[in-house]
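As structure tokens, the structure follows; a few thoughts come after it.
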Amino acid sequence: MKVTVSTLQKMKAEQQKIAMLTCYDSSFAALLAQAQVDVLLVGDSLGMVMQGQTSTLPVTLEDMAYHTRCVARGAGDALVLTDLSFGSYQQSREQAFASAAQLMQAGAEMVKLEGGSFMADTVRFLVERGIPVCGHLGLTPQAVHTLGGYKVQGKTDLQAAQLMQDAMAIADTGAQMLVLEMVPATLAAEVTRRIGIPTIGIGAGVATDGQVLVLHDMLNVYPGRKARFVKNFMQDAGTIQQAVGDYVQQVRAGTFPGPEHSY
């Protein structure tokens with residue numbers, strides 16, 4: 001059965017965990033969909049794992065549209081979620097709509113953007129015009145230079161209060177989902193409990209409504225330094241299909257991430 005935004009909302013209501021992985025091409029899209037991955041994230045992480053960049057910042061909207069077209073052709077019943085690239089949505093809500101429309105025309109079924117309360121007006125503008133939106137809080141890679149590196153966010157009481165305020169603001173705009181990256185597990189659990197839309201964690205503990213990892217990280221393909229939240233699912237698997245299947249099973253069962261993969 002086709003995964004839609006209504007499916008994801010129903011999964012949260014019924015406490016069924018959502019499995020998400022990044023994906024950048026048609027072949028992997030088909031493999032992931034066959035393994036029952038719910039959401040395929042065409043992430044701007046392709047800058048690092050596909051292009052060899054040192055951050056997501058050089059990735060263009062055209063790059064995102066190209067990879068979205070590739071993924072959409074093989075996605076089957078999985079929902080295709082695509083990142084809005086750096087510089088393609090921050091200038092104005094009209095710019096964000098034009099960029100999101102381009103990605104939707106390429107095959108995206110939801111777009112993701114980074115930022116808290118200051119992006120609420122933009123999110124509302126998109127949602128009111130028929131574009132499903134996923135927010136992204138905590139470590140926001142497009143703001144890595146502002147954040148001073150890839151660091152856990154929301155550790156102090158002040159930071160935690162701001163993140164909660166941002167999460168509620170994004171949810172109140174009509175956004176359909178929210179990614180929480182490198183956020184303390186207790187804070188992510190509280191956000192998940194208080195907002196009505198599904199939360200997807202990456203380094204945010206097991207209490208979120210679902211999990212996401214970068215495909216090249218969980219298959220131990222990417223040669224760069226691995227974050228604490230990354231688990232090598234190829235280590236005990238004989239095939240890529242088995243590794244992805246194990247990931248889905250562990251997310252569904254709530255056994256991944258364990259404390260060693262959380263903050």
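Every value quoted in this text rests on a predicted model; they were computed, and no experiment measured them.
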Separation between CD (E114) and CD (Q90), nearest 0.5 Å, reads 8.0 Å

Student check: side-chain heavy atoms of I131 and M104 closer than 4.5 Å | yes

Closest non-hydrogen contact found for H67 with L46 is CD2-CD2, 3.7 Å

State, with a plain yes or no, whether a side-chain heavy atom of C134 is found less than 4.5 Å away from one of Q176.
-> no

Shortest non-hydrogen separation from L84 to A100 and the atoms involved | CD2-N, 3.7 Å

So, does S99 use its side chain to make a donor-acceptor pair with the main chain of A96 at under 3.5 Å?
-> no

Go through the side-chain N and O atoms of Y66 and T68 and say whether any donor and acceptor fall under 3.5 Å apart.
-> no

Do Q51 and V59 have side-chain heavy atoms sitting under 4.5 Å apart?
-> yes

Which pair of non-hydrogen atoms, one from L187 and one from G154, has the smallest distance, and what is that distance?
-> CD2-O, 3.8 Å

What is the minimum heavy-atom distance between V111 and L81, and which atoms define it?
-> C-CD1, 3.6 Å

Taking atom types as modelled, find out whether D77 and Q36 have a side-chain donor-acceptor pair closer than 3.5 angstrom.
-> no

So, T60 side chain and D63 main chain: donor-acceptor pair closer than 3.5 Å or not?
-> yes

Over 60° means perpendicular and under 30° means parallel, so classify the ring planes of F256 and H261, tilted if in between.
-> tilted

Side-chain donor-acceptor contact under 3.5 Å, T199 with T208 | no

Please report the shortest heavy-atom distance between A33 and A78, naming the atom on each side.
-> CB-CB, 4.4 Å

No-hydrogen, no-angle side-chain donor-acceptor test under 3.5 Å, T56 and Q53 | no

Does K231 count as lying over the ring of F233, i.e. NZ or CZ under 6.0 Å from the six-ring centre, within 45 degrees of the axis?
-> yes

With no hydrogens and no angle check, is any side-chain donor or acceptor of E128 less than 3.5 Å from a backbone partner on F125?
-> no

Could you tell me whether the side chain of Q159 and the main chain of K155 form a donor-acceptor pair under 3.5 Å?
-> yes

To the nearest 0.5 Å, how far apart are CD in Q250 and OG1 in T255?
-> 4.5 Å

Looking at I200, D83, L137, which hits side chain to side chain contact (heavy atoms under 4.5 Å, CB included) with V179?
-> I200

Supply the atom-to-atom distance L40 CG to L21 CG, rounded to the nearest 0.5 angstrom.
-> 8.0 Å

Approximate separation, where rounding is to 0.5 Å, of S262 OG and I202 CD1 = 11.5 Å

Between M64 and V42, what is the shortest heavy-atom contact and its length?
-> CE-O, 3.1 Å

May I ask you to test the V191-M164 pair for a side-chain heavy-atom distance under 4.5 Å?
-> yes

Distance-only polar pair, side chains of S117 and D166, donor-acceptor under 3.5 Å = yes

Please say whether the positively charged group of R93, taken as NZ for Lys or CZ for Arg, lies over the ring of F97, i.e. under 6.0 angstrom from the six-membered ring centre and within 45 degrees of the axis.
-> no

Under 4.5 Å between any side-chain heavy atoms of Q241 and L31, yes or no?
-> yes

Flag side-chain contact, heavy atom, 4.5 Å: R252 against Q249 | no

Side-chain heavy atoms of P141 within contact of F86, under 4.5 Å = no

Any M110 side-chain heavy atom under 4.5 Å of M177 side chain | yes

Does K2 pair with E109 as a salt bridge, N-O distance under 4.0 Å?
-> yes

Side-chain donor or acceptor of K17 paired with backbone N/O of V206 under 3.5 Å = yes

Would you find a donor on one side and an acceptor on the other, under 3.5 Å apart, between the side chain of Q235 and the backbone of N220?
-> no

Taking atom types as modelled, is there a side-chain donor on Q142 or Y89 under 3.5 Å from an acceptor on the other?
-> yes

